[in-house]
Trainee: 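If you scroll down you'll find the structure; I have some questions about it.
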Amino acid sequence: MRNIPSFSSVLRSENTRVNATQNALKPGQMLPGKVLELYPNQRAAIQLGGSQVVAQLETALASKQNYLFQVTSVGDVIRLKKISDVPLPNNRPISDQIMQQLGLNNNRQLKAFIQQLVSQNIAFTYKDGQAFAKLLEQFGGGSANRELLLVMTKQNFPLTEQVFQSLQTFQSSQLGKQINQLQQQLAPFNHNSLLSQLQQQLSLLVSSSPSQAQPMLQQFLHANQPLLEQVLSTSAPVQSSFLQQLTKGYSLNNNQTQEFIQQLNQILKQQLPFQEGERQAFSTFLQRFGQMMEHGTVTNSFKNVVQQQSFFQKIMKVIAGQDQQMAQQWSQQTSQSNVSQERQVFSMLQQMQAQQLSLPNQNLVRSLLLHLDATNPSSLPMKDQFLHMMKHFVQTSGIQDEAQLAQEIRTNSTHSTSQLLQSMMAGMTKQDRQVMQQWMAQAQPIVTQNQQTAEILQRINIQQIPQSEQSLVRQVLLSLEASDQAVNKDQFLQMVRQVLHQGEQVTIQTREMEHSLKQNLLLANQQSPDVANNQLQRMIQSLTGMQLNMVQDEPSITQQSFQIPGDRFGLAKDIRMQFEGKNRQNSEEIDSDFCSVLFHLDLYTLGETMITMSIQKRIVHISVYNDQQDIKPIMDSFTPILKEKLSDLNYQLSSISQKTLSDKEQSVTNGNHTAYNSIKTEGIDFRI
């Protein structure tokens with residue numbers, strides 16, 4: 001498998017590399033620059049990376065020469081000083097004198113790394129230089145380690161031993177092999193509840209024989225029986241008999257197991273891609289919708305508010321043709337509502353809501369499904385098995401633990417009643433804000449003031465409100481619109497508090513979720529340091545490296561890059577994936593109309609294969625990178641069905657092209673990786 005820089009470069013060309021001039025310069029940073037023109041009073045136009053700046057110089061320079069500069073101060077005028085009196089030679093290694101000026105040992109590998117930084121216009125400090133020297137001395141200065149250190153510098157990662165080791169382990173190790181090794185070392189410790197739970201989590205990520213999978217299924221059922229019965233009795237009572245039979249120790253025959261698996265699979269397919277806030281907003285909407293229907297007061301303004309809700313937009317994308325048309329007619333109808341149609345829409349949405357499970361319960365059902373599939377291999381179609389495995393890993397591995405915790409901290413520190421009110425006022429005009437403030441300041445506003453405030457609340461510009469609070473404000477406005485009473489201050493404040501309380505309940509539920517795989521690995525490493533200590537640490541480092549590799553610089557762009565073990569799909573190596581794209585408006589979700597997806601596989605028959613999918617305005621272009629010459633006819637044979645299936649999802653296939661990995665390596669990497677050796681075989685591993 002290629003390492004991190006090559007993996008990322010398939011979606012990002014070298015021309016989009018972040019350099020120092022794209023970010024704010026900081027005092028102490030050093031970077032190369034070319035003197036373009038000299039001005040009076042020690043000023044000069046200098047090319048720094050991809051940008052031109054006018055800087056105040058502390059020493060004299062020669063025009064049209066390249067130097068290594070240090071930023072001494074920033075502000076209206078950037079102040080620079082040159083590191084060495086000797087200009088940087090074009091396309092030649094940096095001099096021994098410059099290494100001495102930087103306070104660095106003049107060894108060949110460190111010098112080669114500093115040369116990489118200079119040639120790629122990457123800024124660094126004296127302190128960074130000392131860290132580079134220490135890490136290269138400790139781990140070795142080979143090309144792979146230098147490339148990894150370059151990634152750390154570009155991404156502004158802490159230049160520490162822990163970060164380097166985590167990224168190195170993630171880059172160089174196969175997660176599936178680590179899991180198998182760790183399972184073998186934990187096998188004798190079934191009596192330990194923590195280690196037993198850890199074994200169960202690991203067992204879902206790799207393949208096992210039915211005889212090995214059966215004890216893990218029984219252990220899972222024993223630990224989760226009450227909650228499983230509650231979830232399944234609510235979402236699909238038919239399956240309760242199968243569950244009861246299993247939990248009593250009776251086995252299911254193959255047909256019963258397959259039927260149970262298909263039913264669980266159907267439950268998970270019914271789940272909408274809601275975030276927790278959207279799930280609560282959907283519930284609030286249905287409650288208000290039902291109240292308004294009883295009083296015959298479903299207003300057009302209520303429909304307008306609903307159409308802007310992200311949960312409603314997601315619903316409209318997944319419901320069937322006739323139901324979708326009916327819901328669209330209802331939401332867009334401005335004349336007198338059709339009562340029969342209204343009730344049909346309400347009933348359809350109620351049924352949809354009844355099928356929805358919280359994320360913890362989805363994870364529980366998915367775990368049961370994967371356990372059952374392991375006891376009865378090939379019961380799940382390959383596509384469904386892959387999707388469930390990927391979702392299970394993302395949601396339970398722990399690679400999102402810190403991000404979820406940070407979101408909770410942001411949520412708790414922001415969403416007090418007074419601050420939410422301030423955020424609502426941020427979406428008002430200055431005049432409306434003054435009226436709202438006067439209304440809030442009065443003990444008992446009069447009726448006309450209440451009416452005026454109600455009109456102001458309807459005019460709030462959601463786009464002007466901080467993104468983290470937009471969903472809460474929408475819920476408040478939805479509650480106000482659905483109320484069958486004239487707004488008054490006490491009622492309004494009570495609605496705000498109720499929405500905030502619902503948000504707190506979601507946070508409490510999140511905290512009560514089962515420990516992630518990474519959390520259990522950390523606990524096991526602390527509580528049982530003598531048990532598989534080295535292997536536990538390597539697993540922790542791999543997951544941490546995966547988390548670090550998901551870090552992104554631009555808040556408007558989301559990049560999810562991770563790997564899952566390929567063992568369960570009959571692959572010797574992990575499957576690496578990267579999802580990247582601009583966020584939807586007012587959301588942290590990737591816009592599926594404009595995004596890129598990459599799969600990196602090592603297939604038994606076809607060998608190393610990269611597949612990139614680029615989507616622009618729902619038009620799809622696919623590139624397959626593989627060095628085998630006879631893959632093109634195989635691709636052509638699958639093109640018609642792929643085109644048809646994409647069309648069913650309202651996507652248009654533009655083209656599928658084949659490219660060689662060797663050509664890609666020459667264009668986007670520095671040639672440090674070994675070429676893939678083509679193996680002449682026939683056949684195909686997966687229908688992709």
Trainee: Please check if atom NE2 in H222 has more than 12 non-hydrogen atoms from other residues, nucleotides or ligands closer than 6.0 Å.
Mentor: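 Count not over threshold, so no.
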Trainee: Are side-chain heavy atoms of N361 and Q230 found at a separation under 4.5 Å?
Mentor: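 SC-SC contact between N361 and Q230 ruled out.
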Trainee: R618: which residues meet the salt bridge (Lys or Arg N to Asp or Glu O under 4.0 Å) condition with it, sequence neighbours left out?
Mentor: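 For R618 the salt bridge (Lys or Arg N to Asp or Glu O under 4.0 Å) partners, ignoring immediate neighbours, are D593.
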Trainee: To the nearest 0.5 Å, what is the distance between CD (Q652) and CG (L646)?
Mentor: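 Output value for this atom pair is 10.0 Å.
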Trainee: Might you work through the side chain to side chain contact (heavy atoms under 4.5 Å, CB included) test for L370 and R568, ending with a clear yes or no?
Mentor: CA-CA 11 Å; L370 292 173; R568 187 154 179 157; 4.0 Å; yes
Trainee: State, yes or no, whether a side-chain contact exists between L264 and L232 at a heavy-atom distance under 4.5 Å.
Mentor: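 Side chain of L264 against side chain of L232, heavy atoms only: contact under 4.5 Å found.
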Trainee: Which value, rounded to the nearest 0.5 Å, describes the distance between Q178 atom CD and L536 atom CG?
Mentor: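 Spacing of CD (Q178) from CG (L536) equals 10.5 Å.
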Trainee: Between Q307 (side chain) and S331 (backbone), is there a donor-acceptor pair under 3.5 Å?
Mentor: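 Yes; judged by distance alone, with no hydrogens or angles, the pair exists.
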Trainee: Could you label the plane-to-plane angle of the F311 and F285 rings as parallel, tilted or perpendicular, counting under 30° as parallel and over 60° as perpendicular?
Mentor: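 Aromatic pair F311/F285 classed tilted.
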Trainee: Crowded around K643 NZ? As in, over 12 foreign heavy atoms under 6.0 Å?
Mentor: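 Open.
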Trainee: For the side chain of Q245 and the backbone of L252, is there at least one donor-acceptor N/O pair under 3.5 Å apart?
Mentor: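 Here the side-chain-to-backbone pair does not exist.
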Trainee: Any side-chain donor-acceptor pair under 3.5 Å between K518 and Q547?
Mentor: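 Yes.
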Trainee: Taking atom CD of Q332 as the centre, report whether more than 12 heavy atoms of other residues, nucleotides or ligands fall under 6.0 Å from it.
Mentor: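 Yes, because the 6.0 Å sphere around CD of Q332 holds more than 12 heavy atoms from other groups.
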Trainee: Which heavy atom of Q578 sits nearest a heavy atom of S561, and at what distance?
Mentor: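 That closest heavy-atom pairing would be OE1-OG, 3.6 Å.
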Trainee: So, for L286 and Q350, which heavy atoms are closest and what is the spacing to 0.1 Å?
Mentor: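 Closest heavy-atom pair between L286 and Q350: CD1-CA, 4.1 Å.
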Trainee: Less than 4.5 Å apart, any side-chain heavy atom of H621 and any of T612?
Mentor: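 The answer is no; the side chains never approach within 4.5 Å.
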Trainee: Are any side-chain N or O atoms of K582 and backbone N or O atoms of F594, one a donor and one an acceptor, separated by less than 3.5 Å?
Mentor: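 Side chain of K582 to backbone of F594, a donor-acceptor pair under 3.5 Å: no, none is there.
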Trainee: Side-chain donor-acceptor pair under 3.5 Å between N626 and T609, yes or no?
Mentor: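 T609 and N626 do have a side-chain donor-acceptor pair below 3.5 Å.
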Trainee: What distance do I611 atom CD1 and L598 atom CG have between them, rounded to the nearest 0.5 Å?
Mentor: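 Spacing of CD1 (I611) from CG (L598) equals 8.5 Å.
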Trainee: Are any non-hydrogen side-chain atoms of L195 and Q527 less than 4.5 angstrom apart?
Mentor: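 No; the side chains remain at least 4.5 Å from each other.
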Trainee: For the CE atom of M390 and the CD atom of Q395, what is their distance to the nearest 0.5 Å?
Mentor: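 It is 9.5 Å, given to the nearest 0.5 Å.
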Trainee: Is a side-chain donor or acceptor of N192 paired with a backbone partner of L194 at a separation under 3.5 angstrom?
Mentor: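 The answer is yes, because a donor-acceptor pair under 3.5 Å joins these two groups.
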Trainee: Rounded to the nearest 0.5 Å, how far apart are CG of L182 and NZ of K177?
Mentor: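 Answer for the CG-NZ pair, L182 versus K177, is 16.0 Å.
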Trainee: Side chain of S347, backbone of Q344: donor and acceptor closer than 3.5 Å?
Mentor: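 Checked: no pair found.
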Trainee: What I'd like to find out is whether the side chain of P565 reaches to under 4.5 Å of the side chain of D574, using heavy atoms alone.
Mentor: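 Counting from C-beta outward, P565 and D574 do come under 4.5 Å.
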Trainee: If only side-chain N and O atoms count, and only distance matters, is there a donor-acceptor pair under 3.5 Å linking E229 with Q225?
Mentor: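 Side-chain D/A pair, Q225 to E229: present.
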Trainee: May I ask you to decide if N376's main-chain N or O and N254's side chain share a donor-acceptor pair within less than 3.5 Å?
Mentor: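 No, because the side chain of N254 does not come within donor-acceptor range (under 3.5 Å) of the backbone of N376.
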Trainee: A side-chain contact here means heavy atoms from C-beta on lying under 4.5 Å apart; do E608 and H600 qualify?
Mentor: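 Result yes, sub-4.5 Å side-chain heavy-atom pair found.
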Trainee: Can you name the closest pair of heavy atoms from A327 and V345 and give their distance?
Mentor: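 Minimum heavy-atom separation between A327 and V345: CA-CG2, 4.2 Å.
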Trainee: Around atom CD of Q328, are there more than 12 heavy atoms from other residues, nucleotides or ligands closer than 6.0 Å?
Mentor: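 Atom CD in Q328 is crowded, with more than 12 foreign heavy atoms closer than 6.0 Å.
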Trainee: Just by distance, do the side chain of Q199 and the backbone of L186 share a donor-acceptor pair under 3.5 Å?
Mentor: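 Flag set: sc Q199 to bb L186 pair under 3.5 Å.
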Trainee: Run the numbers on F393 and I399 for side chain to side chain contact (heavy atoms under 4.5 Å, CB included), then give the verdict.
Mentor: CA-CA 9 Å; F393 181 80; I399 60 175; 4.3 Å; yes
Trainee: Measure the spacing between CD of Q291 and CZ of R288 and express it to the nearest 0.5 Å.
Mentor: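 Going from the CD atom of Q291 to the CZ atom of R288 covers 5.0 Å.
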Trainee: Do the ring planes of F599 and F386 sit parallel (below 30°), tilted (30 to 60°) or perpendicular (above 60°)?
Mentor: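 Plane angle between 30° and 60°, so tilted.
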Trainee: Determine the sole option in F346, F282, F312 for which the ring-ring contact (aromatic ring centres under 6.0 Å, His included) test with F289 is passed.
Mentor: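 Checked F346, F282, F312 against F289; only one passes ring-ring contact (aromatic ring centres under 6.0 Å, His included): F346.
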Trainee: Between Q219 and Q197, which heavy-atom pair has the shortest distance, and what is it?
Mentor: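 Smallest heavy-atom distance, with atoms named: NE2-N, 4.0 Å.
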Trainee: With side chains defined as the heavy atoms from C-beta onward, is the minimum distance between N265 and L369 less than 4.5 Å?
Mentor: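 Answer yes - side chains close enough.
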Trainee: Check each of L642, L649, D648 against K645 using the side-chain contact (heavy atoms from CB on, under 4.5 Å) test, and report the only one that passes.
Mentor: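 Per the side-chain contact (heavy atoms from CB on, under 4.5 Å) rule, the option paired with K645 is D648, out of L642, L649, D648.
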Trainee: Report the relative orientation of the aromatic rings in F302 and W330; use parallel for angles under 30°, tilted for 30 to 60°, perpendicular for over 60°.
Mentor: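 Correct class here is perpendicular.
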Trainee: Pair L521, L198 - check side chain to side chain contact (heavy atoms under 4.5 Å, CB included), show working.
Mentor: CA-CA 7 Å; L521 287 167; L198 186 54; 3.8 Å; yes
Trainee: Using modelled atom types only, decide if a donor and an acceptor are shared between the side chain of Q362 and the backbone of L357 within a distance under 3.5 Å.
Mentor: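 The answer is yes, because a donor-acceptor pair under 3.5 Å joins these two groups.
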Trainee: Please examine the side chains of L205 and L517, heavy atoms only from C-beta on, and report whether any two atoms are closer than 4.5 Å.
Mentor: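 In short, these two side chains touch, coming nearer than 4.5 Å.
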Trainee: Determine, step by step, whether E278 and Q309 satisfy the side chain to side chain contact (heavy atoms under 4.5 Å, CB included) criterion, reporting the C-alpha distance in whole Å, the side-chain angles of both residues, the deciding distance to 0.1 Å, and the verdict.
Mentor: CA-CA 8 Å; E278 293 171 334; Q309 298 278 342; over 6 Å; no
Trainee: Over all heavy atoms of both residues, which pair between S654 and I619 is shortest? Give the atoms and the distance, please.
Mentor: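 Taking S654 first and I619 second, the nearest heavy atoms are CB-CG2, 3.6 Å.
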Trainee: Short question: side chain of S173, backbone of F170 - any donor-acceptor pair under 3.5 Å?
Mentor: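 Checked: no pair found.
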Trainee: Give a yes or no on whether the backbone of M316 and the side-chain of Q324 come within a donor-acceptor separation of less than 3.5 Å.
Mentor: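 Present.
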